[in-house]
Amino acid sequence: MPVIEYIEAIRSAMKEEMERDSRVFVLGEDVGLKGGVFTTTKGLQEQFGELRALDTPLSESAIAGVAIGAAMAGLRPIAEMQYSDFMFPATNQIISEAAKIRYRSNNDWDCPVVIRAPIGGGVFGGLYHSQCPESVFFGTPGLKILAPATAYDAKGLLISAIRDPDPVLFFEHKKCYRLISDEVPEGEYTVPIGKSRVMREGDDITVIGYSLPLHFAMEAAAELAREEGVEAHILDLRTLQPLDREGILEAASRTGKVLIVHEDNKTGGIGAEVAAIIAEELLYDLDAPIRRLCGPDVPAMPINPPGEKHFMLNKEKLKTAMLELARY
Amino acid sequence: MPVIEYIEAIRSAMKEEMERDSRVFVLGEDVGLKGGVFTTTKGLQEQFGELRALDTPLSESAIAGVAIGAAMAGLRPIAEMQYSDFMFPATNQIISEAAKIRYRSNNDWDCPVVIRAPIGGGVFGGLYHSQCPESVFFGTPGLKILAPATAYDAKGLLISAIRDPDPVLFFEHKKCYRLISDEVPEGEYTVPIGKSRVMREGDDITVIGYSLPLHFAMEAAAELAREEGVEAHILDLRTLQPLDREGILEAASRTGKVLIVHEDNKTGGIGAEVAAIIAEELLYDLDAPIRRLCGPDVPAMPINPPGEKHFMLNKEKLKTAMLELARY
Amino acid sequence: MTQTGAVRQQSRHAALGLTDRQVIEMYETMMRARRFDERCLLLQRAGKVNFHISGIGQEPSQVAMAFAMDFEKDWFLPYYRDYAFVLTVGMTLKELFLSLFAKAEDPNSAGRQMPGHFGCKRLRIVTGSSPVTTQVPHAVGFAYAAKLRGESSVAYVSFGEGSSNQGDFHEGCNFAGVHKLPVIFVCENNGYAISVPLSKQTAGRISDRAIGYGFPGVRVDGNDPLEVYRVMKEAHERALNGEGPTLIEVMSYRLSPHSTSDNDLAYRTKEEVEAHRKNDGIPAFRNYLTEAGLWNEERENELQARIRKELDEAQAYAERAPFQSVEDAFRYVYAEEPSSGEGR
Amino acid sequence: MTQTGAVRQQSRHAALGLTDRQVIEMYETMMRARRFDERCLLLQRAGKVNFHISGIGQEPSQVAMAFAMDFEKDWFLPYYRDYAFVLTVGMTLKELFLSLFAKAEDPNSAGRQMPGHFGCKRLRIVTGSSPVTTQVPHAVGFAYAAKLRGESSVAYVSFGEGSSNQGDFHEGCNFAGVHKLPVIFVCENNGYAISVPLSKQTAGRISDRAIGYGFPGVRVDGNDPLEVYRVMKEAHERALNGEGPTLIEVMSYRLSPHSTSDNDLAYRTKEEVEAHRKNDGIPAFRNYLTEAGLWNEERENELQARIRKELDEAQAYAERAPFQSVEDAFRYVYAEEPSSGEGR
Ligand SMILES: Cc1ncc(C[n+]2csc(CCOP(=O)(O)OP(=O)(O)O)c2C)c(N)n1
Ligand SMILES: Cc1ncc(C[n+]2csc(CCOP(=O)(O)OP(=O)(O)O)c2C)c(N)n1
Ligand SMILES: [Mg+2]
Ligand SMILES: [Mg+2]
């Protein structure tokens, strides 16, 4: 299987779905002629024309709102938010509208829109080009939320998102775009929404997370196995809404020691819900308190390099936390 | 001490602070001449004039944004969002601006704004006049979030909020406005932000929550004590951000059996964080899994009476869950 | 109307291409909407329903606008006072009462949403919500879909003058302007946003805002349905010709309180309301029809009796109809069956 | 400039009330901003800094606008290209370099935010962020505070033409229009929003949008700083006289790529850029001064040498300066000491 970059996986998912289904189109700031500020949509306007790879005015609420309207009209829009930090002007359209269209109309109308947004830091983007917005949308029923860590999942999940009959937020980690490459089949495939994936098997500790930090966990796990004989079991949630309850409980019970990890800040993050699920189902199977290793409860990361480094998770921080848990 | 209504407590907090401090003013839709759609700001325009009790255009992002600007300029604005369901257009101003002004300017600027919004259902308001928006803002460091359950706390916390040097979201439950009355001192007093309060002492089970459902818990507790000899310990969080970690741990360890309750939907709610805190600190002191009794994971409550009743928490639902936990 | 002499001037409606039958139907629909609305107010006062939000005073323009649309091809995104509009495009009184009583059979939301929150795919009425103005970008999305598919379809979207101060108005209009999309933005300016009068909502004219988006804005007297029809028809043609959007500001007055929860005398006087009641477009339109020889007292009496009967039957049906069962109350958060994902 | 003969016409700048000294200072500040900006681009290409966002081409108008403001009383909410503006109101090159290098001593954010994200209470520059247009309602809030306190203070706020399509532009302008607040909205129209040209951002004229809010909108050539000054001064006077806001659309062209992360040749040609470079307002203003007898080559050489020295020193200082310590990196999420809560 060819090894491709995470960003290429996303690009090809859009391209192939646009070839397959004339209802699919992309819209957003700079997604057309320029091909996106990260080049995620590069080539789409050449291939599909301006109407299907549309440069919009600088207005996120309209990008989301127009996409929602077009989705209700029967199209399959993929709206890009240039940075997830800039999707907050669209919150009302996402939470009040997209999430509630099916429910409020008693299934008469639906809203199959995909909203893509690059999340996360580590790129010297400073406060407003580094945030993780998951917690803002996570508590809203009616939305689905995806956050792939690998190229394989990025492509397979994005295809699933485009074909999904409900609104999907697709959070791609901008640091993964070129850092992460893995095997991706040539042909069409999908990754099911709502299913987590075991990235690594182990019997000593369980790490549950999503997106970029899982790669730090994998590196740390390899070192811990070699250096300390500690075998970590690592679960990639992949879908944040709906969470894969069974997958979480299975992974947690496997070792009885759980470390939850994400880059979004700790308080009110996805990790709280994962911990709560485990605490309400598996209390007696745990051999250690449930730990969370997350971004600090600080508005956003500084742009200066020591500040950013201090803020971000990395292999060392993961390794320390994992070893501590193993030794508990 | 006089017994007053929850809404009167809120009204008098604003009135007294406006008398005391000329920097304080209120702004929002219909807050002036009409005195608010719930009459929360009634009398303020008569007493303080149009400039300090301002009817704004129908635009929540401007209400928040203008208030933020005025706060940076040294005033103490109280911005009203007519229903919390309608504050989402202001999300960007709240999350990207208010929450980050102090941090991003390294303490050069600050943003002492209060944003009040009525939350919750049970008033036949249907999907968009009944929601609880807590989870949307809870994960954002830099904000403080208050949600009083009693008239005493409503007044004391609102005064604290107005005097607080940082942005505060003040979530008042619209069903409490006239349903809840309790003793409130005549003179000026404050309730500290960040401190929970034990509403009832007991040794069998612990109920932790905030806002309206606590009153259901109190009624259920009284019945359970009488009928079953079960004594519930009930903790009112009052402040959601920052959570009172010590208060939570103390209340949880008192009985070892914890039921968390809120009207906001379960997944991704405040209760998840409370459960996660307990699971990371008190695992070995628990005698039962941590339970959550919350609103269903459904976009919002229907307006038809059986549907609304089915959706809302009530004394019976609390009683059942509390008894089940006591018997665990 | 019989035109006997060649010198006889063409009537206003004929000049607009409206038949006698059509103007009569217009009148009947305004009246049906008015009587329905009055009945709702009555039912709320009688404690039979919790809530009603009234469109009284705005019916003539709403009917006229609907008459300018194509019910087979266009898309409709009406706001909560548009009873007369949705009645014109085909919603029945029974359906409106089912919504008022929040019953399961209500096609708008199965009694989940407040009354006045329209939505019915069968009638090409797009589901709406309470947060104002969110529908404006949606309408632009429908218009964009029409352009992308090469379909001859126009999107109608309405909202109040207060609501035109939301960011979504600006963003939606501007987007449509850039891409010359087939959408008609209708601001129903009834003078108040709950208690806040126009003068505290904006210092400009809503219709003038179109200038900044590069398309025409028109202000029209909402009590003159024929003029409203003319203006809408023109906008509809512009849209179909690929000339882009139009913003229409329909001037009217909100004769009822904002909703049944509102005490309007806290912010306006009885006298002000009574003064505006004199400009009511419905009796004026009846006069027009009478002068044109198309209407008389007998027909009026027949109509009133007919509407009363319709209302009684529809109300009785809706009152008796069941609520959505609690088993179904939480359905349709997501699709129950995954779609095939088939392209076309 | 000496005016010897009575017949000698008054110079343009004198007619506007600007002294010779002032126009020279204006010129020097534009040039300082230009050279600073070029240095930043160089430093980024050399790999010494990660990121710069350039204001090249917009300096003449920025300086002119700042000259129309009152540095003691007004409030400034500049956007990320306003280097020349903040230099004029008093930010130093050292401070700008500290921000570029993201150092602790940077008054804007202690090196937390990207460069170009201004904020400095000492200079009455209000802290800004990256999400565009959020500063527009803030400026209205400053203007409202001035009105409430009865202070003679005007708020300046700027933003790009792309950003004027955000809802916050609309909501902020409309709010200020209703309350006739002392605020000047400045749209720096440089033709592009990253890759998207004006024609794909809007079909209207930005300045025309003011009509819909009931206050004047003016379009002005950004390469003519004296005309920009005149228009700003007028707006400032209107604001102080209680006549309300003004919207000013300053026409310019973004000569640099959007930022150092942008490859602008993906969406525009070298030729287009070169054609616009000919209209650069800085040499034109030098010619004006020369013709007015206020400038010559000697002064020019002296200025360039002086600026080079200033830049070298400031850059060297900032390069050597320490980053904020990681112990301090998470401070100031909330106030560290509760405020006294004292009223006044
Ligand atoms: C975003 C939002 N904010 C506030 C409200 C509450 N609200 C409902 S109707 C209304 C006034 C609307 O006025 P206008 O747009 O003029 O329409 P009208 O009701 O006069 O027809 C308000 C403030 C809302 N529904 N949505
Ligand atoms: C809300 C938001 N969306 C997107 C961006 C990303 N972005 C930064 S600058 C820019 C273009 C701004 O164009 P314009 O307003 O014309 O200002 P200019 O950069 O041309 O001076 C974009 C899209 C942002 N900063 N904020
Ligand atoms: Mg109105
Ligand atoms: Mg620009």
Side-chain angles (χ1 to χ4, degrees), chain A residues 28-39 41-42 45 50 54-65 81-93 123-131 265 267 295-312, chain D residues 49-51 99 101-104 106 109-115 117 128-134 159-170 192-203 258-259 261-264 266-268 322-334:
Chain A
E29 294 153 11
D30 306 291
V31 303
L33 189 56
K34 185 177 163 77
V37 294
F38 296 101
T39 71
T41 52
K42 195 156 184 164
Q45 191 172 86
E50 276 195 55
L54 178 69
D55 282 320
T56 65
L58 177 37
S59 44
E60 285 78 8
S61 189
I63 294 170
M81 300 283 144
Q82 195 159 84
Y83 285 80
S84 67
D85 314 65
F86 304 143
M87 74 190 291
F88 298 128
T91 309
N92 191 40
Q93 284 291 346
V123 298
F124 301 120
L127 269 74
Y128 294 99
H129 296 78
S130 308
Q131 291 174 78
N265 63 288
T267 299
D297 285 326
V298 164
M301 72 186 69
I303 197 169
N304 67 78
E308 180 179 285
K309 187 161 174 232
H310 188 56
F311 193 105
M312 286 288 287
Chain D
V49 296
N50 284 308
F51 182 81
S99 164
F101 285 101
K103 296 302 178 70
D106 158 32
S109 75
R112 291 175 171 189
Q113 291 218 73
M114 284 183 158
H117 288 55
S129 63
S130 308
V132 298
T133 330
T134 50
F159 45 86
E161 81 292 346
S163 303
S164 76
N165 300 313
Q166 289 280 344
D168 271 359
F169 166 85
H170 177 67
Y192 283 92
I194 309 190
S195 70
V196 182
L198 182 61
S199 62
K200 298 243 158 100
Q201 283 290 344
T202 185
H258 169 72
S259 75
S261 310
D262 178 39
N263 168 23
D264 59 329
Y267 54 83
R268 63 179 182 181
F323 289 115
Q324 185 165 51
S325 70
V326 293
E327 289 72 43
D328 288 346
F330 297 163
R331 287 180 69 184
Y332 309 128
V333 178
Y334 299 101

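Residue numbers begin at 1 in each chain, while the letters A, B, ... track the order of the sequences.
- Between chain A and the residues D:Ser261, D:Pro131, D:Ala329, the most heavy-atom pairs under 4.5 angstrom are made by D:Pro131.
- Neither the backbone nor the side chain of D:Asp264 comes within contact range of chain A, judged by heavy atoms closer than 4.5 Å.
- Of all heavy-atom pairs spanning A:Pro57 and D:Gln201, the tightest one is CA-OE1, 3.2 Å.
- Going from atom NE2 of D:His117 over to atom CD1 of A:Ile303 covers 8.0 Å, rounded to the nearest 0.5 Å.
- Rounding to the nearest 0.5 angstrom, the gap separating the CG atom in A:Leu127 from the CD atom in D:Gln113 is 5.5 Å.
- For D:Phe323, the part sitting under 4.5 Å from any heavy atom of chain A is the side chain, from C-beta outward, and nothing else.
- Shortest non-hydrogen contact noted between D:Ala266 and A:Leu33 is O-CG, 4.0 Å.
- Proximity of a side-chain donor or acceptor of A:Asp55 to a complementary backbone N or O of D:Val196 within less than 3.5 Å is not detected.
- With chain A as the partner, the residue from D:Asp262, D:Asn50, D:Asp168 showing the most heavy-atom pairs under 4.5 Å is D:Asn50.
- Scanning all heavy atoms of the two residues, the minimum distance from A:Gln82 to D:Ile194 falls at OE1-CD1, 3.4 Å.
- How far CG of D:Asp106 is from CG of A:Asn304: 10.0 Å, rounded to the nearest 0.5 Å.
- Heavy atoms closer than 4.5 Å to chain D are found nowhere in A:Phe88, neither backbone nor side chain.
- Taking all atoms of both residues into account, the shortest heavy-atom contact from D:Gln166 to A:Leu58 is NE2-O, 3.2 Å.
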Q.
With side chain to side chain contact (heavy atoms under 4.5 Å, CB included) as the criterion, how do D:Phe330 and A:His310 come out once you've worked through the C-alpha distance, each side chain's angles and the decisive distance to 0.1 Å?
A. CA-CA 9 Å; D:Phe330 297 163; A:His310 188 56; 3.3 Å; yes

Q: Might you work through the side chain to side chain contact (heavy atoms under 4.5 Å, CB included) test for D:Lys200 and A:Glu50, ending with a clear yes or no?
A: CA-CA 11 Å; D:Lys200 298 243 158 100; A:Glu50 276 195 55; 3.1 Å; yes

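- A donor atom on one side chain and an acceptor atom on the other are not found under 3.5 Å apart for A:Ser59 and D:Asn165.
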Q: Apply side chain to side chain contact (heavy atoms under 4.5 Å, CB included) to D:Val326 and A:Lys309, showing your working.
A: CA-CA 9 Å; D:Val326 293; A:Lys309 187 161 174 232; over 6 Å; no

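- By number of non-hydrogen pairs under 4.5 angstrom with chain D, the leading residue of A:Pro296, A:Gly126, A:Ser61 is A:Pro296.
- Proximity to chain A is absent for every atom of D:Ala104, based on heavy atoms less than 4.5 angstrom apart.
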